[in-house]
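Quick notes on the structure that follows.
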Protein chains: 2
Amino acid sequence: MHDVRLSPTRRRNTFEVGQMTAEVKPAALQLTERQEARRRRILHASARLASRGGFDAVQMREVAENSGVALGTLYRYFPSKVHLLVATMQDQLQHMHETLRKRPPTEEEPAARVAQTLMRAFRALQREPHLADAMVRALTFADRSVSPEVDTVSRLTTAIILDAMGLDEAPTAEQLSAVRVIEHTWHSALITWLSGRASIAQVKIDIETVCRLIDLTAPTPAR
Amino acid sequence: MHDVRLSPTRRRNTFEVGQMTAEVKPAALQLTERQEARRRRILHASARLASRGGFDAVQMREVAENSGVALGTLYRYFPSKVHLLVATMQDQLQHMHETLRKRPPTEEEPAARVAQTLMRAFRALQREPHLADAMVRALTFADRSVSPEVDTVSRLTTAIILDAMGLDEAPTAEQLSAVRVIEHTWHSALITWLSGRASIAQVKIDIETVCRLIDLTAPTPAR
DNA sequence: CGTTTATCTAGAACAAGTTTCACTAACGCA
DNA sequence: TGCGTTAGTGAAACTTGTTCTAGATAAACG
């Protein structure tokens, strides 16, 4: 009788990443092996369809079919298309973060390091523009019901940027604000690029421009 | 036989604002009076429904009904829900621009002036959070087919910010880039606020932070 | 005016996200 | 191992954006 879905409430995904201090795996509320595999198949199918034709190409029936799962099951794992795509983004970001860790930016100044890192990420997205489209559109279209998941993505992004800054000490409040603004610019610039309203060069300029905020908020002005 | 819609191609709205150097009215490709009235009724219904329940509450059938127009006609005027909402936003922005013009910011420094103006706009949006939700979500969800319309909104926003800066001369390329970044931050910060992931205070801080870029790019450093 | 053509209307039809239901399979546990 | 519970399946139903069609109106034009 209890139809306690995997997720507590309708439209509220369970696969919380929880705290998130840095790497942390999905950790999904103890799933059996088969369930973990299902979840993985679903995310894989989602990413594959997305890289074909972007947001519209990710059709729930097809995701279900391609991952060998019933439609109802898909919805039990991801209570909406947006949830699914945001989770897909979490997944991709995790990869990206690990990759970036292995080859940290070469620049000296924090601002330049962040800009370099974001441009690297941007080039990665350029290789899969459709996938980028699906993920970013889902992210910005997400409503309150997806807040926890979107927040996780945001924390991951913040972690990537803070990593790139290569700080010795904990960031100041001012720096955190600058990082938030950089994230805003990053998302919004991506959107203008994806919808063909800004060129790659323009995105580059905007990223470099916003990164100057980091110099502005350096904790040790007499560096 | 010719089914030349009001809009040239499917999903490409005709009601171009054209050049847009500042105020310019919709100018809509010569519409008869009745048509202009219809268009206005539609936009009105759209805004009304939006301010009730946001993006989801704007249902095309209801918009059609509430504005006394057939569904097919609605689609002839606005080839998609997103087109409709973006047009609604154009409309609202126009009002906003005029209002702001009448009471220009009181601050001295350009950065402070822009921040003040944006906070004013933000307070206006807070009075109609659902409407804000509908418009902003539509704006960021818009795909390439809506580019021209979204671009118009962007130009309007840019005009508002440049106005607020109160420059004596034409803006430099650097300043324009800063303005773009401010716009990015503005949109993205709004989204985080609308989806409950950031407080009003946080949005304020982010806006103030990003506005510091204006000082940074002042054309006359020895002011 | 009368005719030709472009708009509008009403309503059915279609597409894809989401929900529901009746049933079966897998799991957890005593 | 057997049983009660939770998860998964398949298929239909429902919702809302979008498209299509046939006929009624209004505009344009001679």
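Values below: all heavy atoms of this structure, side chains included; hydrogens, waters and symmetry mates excluded. Keep in mind that what you see is a predicted model, and the values were worked out from it rather than measured. We name chains A, B, ... by the order of the sequence lines, and we start the count at 1 in each one.
Here dT18(D) is the nucleotide among dT18(D), dA7(D), dT7(C) with the atom lying nearest to any side-chain atom of Tyr75(B).
A heavy-atom distance below 4.5 Å is found between the side chains of Arg103(A) and Arg120(A). Counting only heavy atoms from C-beta outward, the side chains of Val114(B) and Val179(B) never approach each other to under 4.5 Å.
With hydrogens and angles ignored, the 3.5 Å screen pairs a side-chain donor or acceptor of Arg144(B) with a backbone N or O of Leu194(A). Between the Asp133(B) side chain and the Phe55(B) main chain, a donor and an acceptor come within less than 3.5 Å of each other. With Ser188(A) contributing its side chain and Thr185(A) its backbone, the two residues share no donor-acceptor pair below 3.5 Å.
Look at CZ on Arg137(B): it is 15 Å from C1' on dG17(D), rounded to the nearest Å. Between Phe78(B) atom CZ and dC8(C) atom P the separation is 12 Å, expressed in whole Å. In this structure, CD of Glu33(A) is placed 18 Å from P of dA7(D), rounded to the nearest angstrom. Following rounding to the nearest Å, Phe55(A) (CZ) and dG17(C) (C1') show an atom-to-atom distance of 10 Å. If you measure from atom CZ of Arg76(A) to atom C1' of dT19(C), you get 13 Å, rounded to the nearest angstrom. Rounded to a whole Å, the CG atom of Leu49(B) is 15 Å from the C1' atom of dG17(D). To the nearest angstrom, P of dT7(C) lies 16 Å from CG of Leu74(B). Rounded to an integer number of Å, the gap from CZ of Arg39(A) to P of dA7(D) is 15 Å.
Cation-pi check for Arg137(A) over Phe141(B) is met; the charged atom lies under 6.0 angstrom from the ring centroid and within 45 degrees of its normal.
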Between the protein and nucleotides 10-16 of chain C, are there any N/O to N/O pairs under 3.5 Å, and if so, what are the atom names and distances?
| residue | atom | partner | partner atom | Å |
| --- | --- | --- | --- | --- |
| dA16(C) | OP1 | Gln59(A) | NE2 | 3.2 |
| dA16(C) | N7 | Arg61(A) | NH2 | 3.4 |

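Taking only side-chain nitrogens and oxygens, Arg34(B) comes nearer than 4.0 Å to OP1 or OP2 of dA27(D). Between Thr73(A) and the phosphate of dT9(D), there is a side-chain N or O to OP1/OP2 separation shorter than 4.0 Å. OP1 or OP2 of dG8(D) has at least one side-chain nitrogen or oxygen of Tyr77(A) nearer than 4.0 Å. Between Gln35(B) and dA26(D) there is no side-chain polar atom (N or O) within less than 4.0 angstrom of OP1 or OP2.
Between Glu65(B) and Arg61(B) there is no salt bridge, since no side-chain N of the basic residue sits under 4.0 Å from a carboxylate O of the acidic one.
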